[in-house]
Amino acid sequence: MKHKQLPNEYYELLEELQATDFVLLELTLYLDTHPNDIDAIKQFNEFAKLRKQLRKRYEKDYGPLLQYGLSYSSYPWNWNDTPWPWQV
Amino acid sequence: MYTNRKYYEPYISPFDPCKPIRVKSYSTPPNLYLGFQPPGLEQFSPREALAAGTLWKVFYDPYEKNKEG
């Protein structure tokens with residue numbers, strides 16, 4: 001059974017999502033110790049908004065990122081289709 | 001020139017069979033030289049940050065191999 005090869009855009013989008021997540025992680029750790037840094041908070045919210053958009057784009061084309069209602073499901077129910085994250 | 005690499009001279013025993021290493025060095029992380037992180041430090045772009053492992057350029061420490069050996 002020929003597997004559907006993922007397009008290049010998939011990897012582009014995934015990397016962008018990973019980079020955004022990393023920036024959010026770093027800013028979260030930074031803000032834990034710098035609660036009054038308004039610029040960092042603005043940047044955090046900016047990236048949080050960007051992350052939401054990226055997630056919507058990703059899930060529209062490639063299925064849910066999270067489960068248990070945290071992501072919408074496409075039709076048919078396909079969260080367990082290949083490729084799995086480590087196969088990508 | 002200021003560097004994170006520090007040097008020390010180990011004791012060399014007269015019974016040491018191998019060629020003695022007179023000066024040894026170790027690299028120290030940048031956060032040692034920066035107390036409480038000030039706001040507004042220069043940052044990497046998201047993709048660079050993901051590859052560098054830190055968002056702020058000052059903390060980038062690739063643990064370079066010691067050139068002089």
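Below, chains carry the letters A, B, ... as their sequence lines are ordered, and counting in each starts from 1.
- Taking 4.5 Å as the limit, every side-chain heavy atom of B/Pro46 sits out of range of all side-chain heavy atoms of A/Thr20.
- There is no contact between B/Ser45 and chain A, counting heavy-atom distances below 4.5 Å.
- Using a 30° and 60° split on the angle between ring planes, B/Phe36 and A/His34 fall in the parallel class, below 30°.
- Both the backbone and the side chain of A/Glu16 come within contact range of chain B, judged by heavy atoms closer than 4.5 Å.
- Only the side chain of B/Gln43 comes within contact range of chain A, with at least one heavy atom under 4.5 Å from a heavy atom of that chain.
- Ring pair B/Tyr8/B/Tyr26 is tilted by interplanar angle, where 30° to 60° counts as tilted.
- In this structure, B/Phe59 and B/Trp56 have perpendicular ring planes: the angle between them is above 60°, well past the 30° mark.
- Of the two parts of A/Asp37, only the side chain, counted from C-beta on, holds a non-hydrogen atom closer than 4.5 Å to a non-hydrogen atom of chain B.
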